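A short worksheet on the structure shown next.
Numbers restart at 1 for each chain; the letters A, B, ... are given by sequence-line order, proteins then strands. All of these numbers come straight from a predicted model, not from anything done at the bench.
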There are 2 protein chains.
Amino acid sequence: MTVTIEDIARHIGVHPSTVSRAMNGSPRVSESRRQQVLAAAESLGYRANIMSRGLLGKRTDTFGIIAPKLDDLHAISLINAQEAFFREMGCVTILTITNCEEQAELKAIDNLISRAVDGLVMNYVSMYASVKAKLIECAQRIPIVRIGGNSQGVLDEVDVDFNKWSCAVVNHLIEYGHRRIAMIVDSIDYEDGEGHNTKLAGYRKSLSLHNIEYNPALVFSVHYLHQNIKHLMQQIMSLKERPTAIFAYSDDLAGGLIKALTTAGYKVPEDVSVVGFNDDWFADRLAVSLTTCRLPANEIGRGAAELLIRRRKNRTLPPVRRMYECQVVIRDSTARHSDTAG
Amino acid sequence: MTVTIEDIARHIGVHPSTVSRAMNGSPRVSESRRQQVLAAAESLGYRANIMSRGLLGKRTDTFGIIAPKLDDLHAISLINAQEAFFREMGCVTILTITNCEEQAELKAIDNLISRAVDGLVMNYVSMYASVKAKLIECAQRIPIVRIGGNSQGVLDEVDVDFNKWSCAVVNHLIEYGHRRIAMIVDSIDYEDGEGHNTKLAGYRKSLSLHNIEYNPALVFSVHYLHQNIKHLMQQIMSLKERPTAIFAYSDDLAGGLIKALTTAGYKVPEDVSVVGFNDDWFADRLAVSLTTCRLPANEIGRGAAELLIRRRKNRTLPPVRRMYECQVVIRDSTARHSDTAG
DNA sequence: CTGTTAGCGCGTTCAG
DNA sequence: CTGAACGCGCTAACAG
């Protein structure tokens, strides 16, 4: 059934270990033997059993990707870029989705390790301290790269300064004359329990820079899995002090919000400006093209995968932390407050 | 480093095989021993090495997903549904993307098998005979489910009648008074070399039903990877006999097309009607909400995964072929031809 | 009920 | 340059 190293050894009348050496490019095999072995392997349709390789602690050319979800374009872009890079390197990807659940994340890490992956990339892990600790512990066994998080130089990391870019987005709104700006945050905010590098922090920073008082009543927390956008929209628009602009933590959410708003008879941006985050590919195709902040998702994902491969080669490199820049993209979903009826 | 079955055996002073039995729920272990073993495993942080399990030909609780691409929402929906189902069953997913390349597909199958997956699902494989043959061969070793393809009762399959639903979409256009209808087909059409179950076949069928002559000059073949939508749009709109409606094989493409059309100054649907296929979630949020055909992507993906798990349980079941129904969804991107300037 | 032995496929010692 | 033997972690058959 399965053709093994032994089959091909028998086929050409040598010992299995000779075959093994030939396949692995050992110098202690005559070139003619090697060719003979390779030919036989080819003709018999031999394919190395990765299980046994893994059992021996050798490379499996398998990488693990842990991601929070698979129903948002930004997460998908990252996975896409990572998978593509691994594939280009001749490697295979094991994908694990965790829904940001602590137990799922912990289990995923163990699981991947027990599958002898050559390394793993953790995409926007949630902020659980247990997960962070486990990652740091496991990083001694296998290469680990994390996206979104700050371990202070312990882990290889790739990140974006959400604080800075979120601030930039809100700056844009304020420059447009808005002062009552609602914000929708993800109830599971990533990493950094102290909240330094979060979109909310950037929002507050921008307000503070412009001497606008922070009003918690304007901040809405949403769990991405259970978001009822229509209800959220109603909550926001029925505030006594109705905001003139809304900053949604993702384009996905912003798109849904615009849809809900227009369905309810509001006009964007005339009645209310809306900004998103990510610049997912549909952002400029929406009914109202979206003002947002462009994250270089492809570069980020690829960068993470690259870092992993690099560390697989050399385990002794000092940890690196690579930051990516973003860009505010102004489109039709925001307008000057003076221009509006507001 | 790694805690093995032997560590826990030594820890409580029994033989490793006893530990193995306890873990696997063998009846030939005293309940007290089992509890003792389980407790020790827990406390030592034991996690079964899946490599060795695989080497023994046992279940690995790992499933392979082979998919053509990861940058189109429909493909992603399928993967999402499959991964979620496998995860619910306590299993892990190995994802392989092939870009519809023959060698990549063949290699992916071998690769997954050498990783001892418990089964694999092939999403919309391309039509290469070699791949089909290999799938049929491998189906004797491990459970395989295919989406989109017809092996005449040899493989487990899940599919949609593209011919039928594509015809329904074109019927809608014709009922709206269109007679010059362009079609954009995927240059890599899935499976079925004879072209029975393709969107193009449905298009031709509808024309034929309405006594409209088929005009090959109205059919444009696009490779999803290299699509230059603007150029394609220009090609179509500069035809001497300009079509009054365009049927694009996917919502993704239709969205891009609408964007290109409006950018170039054309109005949709006034100047030209556009329909897509799939009803991806953004279809009703586009600048012009999209008339399309809704595929139950989630049910399809889940159904495939379910079938796989089912077959893992019982290898002797006769192959099944499960078809899913679609639904034409009429929105704003199509208008009656008599209503337009024509 | 539990210990012993053998072996899954491969890579890496050691001998020759 | 090549063959023989051992072991990765685990399960299954066979003893006791």
Side-chain angles (χ1 to χ4, degrees), chain A residues 1-38 40-41 44-62 110-118 141-142, chain B residues 1-38 40-41 44-62 110-118 141-142:
Chain A
M1 195 112 246
T2 319
V3 28
T4 77
I5 202 180
E6 197 176 341
D7 294 322
I8 113 157
R10 190 165 34 220
H11 187 258
I12 58 179
V14 294
H15 196 271
S17 59
T18 301
V19 175
S20 172
R21 279 190 285 259
M23 310 284 278
N24 295 357
S26 159
R28 314 190 315 170
V29 185
S30 69
E31 195 50 33
S32 58
R33 265 264 181 279
R34 165 164 299 132
Q35 292 311 324
Q36 189 187 14
V37 167
L38 261 40
L44 294 186
Y46 170 78
R47 198 150 275 270
N49 183 323
I50 287 142
M51 298 289 107
S52 66
R53 266 230 182 75
L55 202 49
L56 291 170
K58 314 298 295 179
R59 280 192 184 180
T60 57
D61 288 335
T62 310
D110 275 338
N111 206 305
L112 288 172
I113 289 180
S114 101
R115 284 181 157 77
V117 293
D118 286 350
R141 316 236 283 96
I142 63 168
Chain B
M1 196 116 240
T2 319
V3 29
T4 77
I5 200 180
E6 198 175 340
D7 294 322
I8 112 158
R10 191 169 30 220
H11 188 257
I12 58 179
V14 294
H15 196 271
S17 60
T18 301
V19 176
S20 172
R21 279 189 286 259
M23 309 283 280
N24 296 358
S26 158
R28 315 191 312 173
V29 184
S30 70
E31 194 50 32
S32 58
R33 263 267 180 277
R34 164 165 299 133
Q35 291 312 325
Q36 188 186 13
V37 167
L38 260 39
L44 294 186
Y46 170 79
R47 197 147 278 271
N49 182 323
I50 288 141
M51 300 287 106
S52 63
R53 266 229 183 75
L55 201 51
L56 290 169
K58 315 296 295 180
R59 279 192 186 183
T60 56
D61 288 336
T62 309
D110 274 339
N111 205 306
L112 288 171
I113 289 181
S114 101
R115 285 182 156 76
V117 293
D118 286 351
R141 318 237 278 97
I142 62 168

Position toward the 5' end of DNA chain C (nearest nucleotide), B/Arg33 or A/Met23:
B/Arg33

Should B/Ser17 be listed as having a side-chain N or O under 4.0 Å from OP1 or OP2 of D/dA12?
no

Can you tell me how far P of D/dC10 sits from CZ of B/Arg10, to the nearest Å?
12 Å

Do you know the tightest heavy-atom contact between A/Gly45 and A/Val3?
O-CG1, 3.4 Å

Write down the distance between CZ (A/Arg141) and C1' (D/dC8), rounded to a whole number of angstrom.
13 Å

What are the two closest non-hydrogen atoms of A/Pro16 and A/Ile5, and how far apart are they?
O-CD1, 3.7 Å

Do B/Arg10 and B/Asp7 touch side chain to side chain, with heavy atoms closer than 4.5 Å?
yes

Protein-nucleotides 14-16 of chain C N/O pairs closer than 3.5 Å?
{"residue": "C/dC14", "atom": "N4", "partner": "A/Arg28", "partner atom": "NH2", "Å": "3.3"}

Examine the side chains of B/Arg33 and B/Thr18 and answer whether a donor and an acceptor come within less than 3.5 Å of each other.
no

When you look at B/Asn49 and B/Thr2, which way does the side chain to side chain contact (heavy atoms under 4.5 Å, CB included) test go after all the steps?
CA-CA 9 Å; B/Asn49 182 323; B/Thr2 319; 5.7 Å; no

Using whole Å, what does the distance between atom C1' of nucleotide D/dT2 and atom CD1 of A/Ile5 come to?
14 Å

I want to check one thing: is the phosphate of D/dG3, taken as OP1 and OP2, less than 4.0 Å away from some side-chain N or O of A/Thr18?
yes

So what does A/Thr4 touch, heavy atoms closer than 4.0 Å: a base, only the sugar-phosphate, or nothing?
sugar-phosphate

Atom CD1 of B/Ile8 and atom C1' of D/dG9 are separated, to the nearest Å, by 13 Å

Smallest separation among heavy atoms of A/Arg47 and B/Asn111, with atom names:
CD-N, 4.3 Å

Toward the 5' end of DNA chain D, by each residue's nearest nucleotide, B/Pro16 or A/Pro27:
A/Pro27

Within this structure, what is the CD-to-P distance between A/Glu6 and D/dA4, rounded to whole angstrom?
12 Å

Which residues in residues 49-59 of chain B have at least one heavy atom lying under 4.0 Å from any atom of DNA chain D?
B/Asn49, B/Ser52, B/Arg53, B/Leu56, B/Lys58

Please step through side chain to side chain contact (heavy atoms under 4.5 Å, CB included) for the pair A/Ile142 and A/Asp118, ending with a clear verdict.
CA-CA 7 Å; A/Ile142 63 168; A/Asp118 286 350; over 6 Å; no

Nearest heavy-atom neighbours spanning A/Met51 and B/Ile50
SD-O, 4.3 Å

Exam field: side chain B/Asn24 to backbone B/Ser26, donor-acceptor pair closer than 3.5 Å
no

Can you tell me if A/His15 touches the phosphate of D/dA4, counting only side-chain N or O atoms and a distance under 4.0 Å to OP1 or OP2?
yes

Using a heavy-atom cut-off of under 4.0 Å over every strand shown, decide if B/Ser30 touches base, sugar-phosphate, or nothing.
sugar-phosphate

If I compare all heavy atoms of B/Arg21 with all of B/Arg28, which pair ends up nearest, and what's the gap?
NH1-NH2, 4.1 Å

Around A/Glu6, counting heavy atoms of other residues, nucleotides and ligands shown, do more than 12 lie under 6.0 Å from its CD?
no

Please report the interatomic distance CD(A/Gln36) to CD1(A/Ile8), rounded to the nearest 0.5 Å.
9.0 Å

I want to verify a distance call: between C/dG3, C/dT2, D/dT11, whose nearest atom is closest to the B/Val14 side chain?
C/dG3

Rounding to 10°, can you tell me the angle the first-five-pair axis of the helix from C/dC1-D/dG16 to C/dG16-D/dC1 makes with its last-five-pair axis?
50°

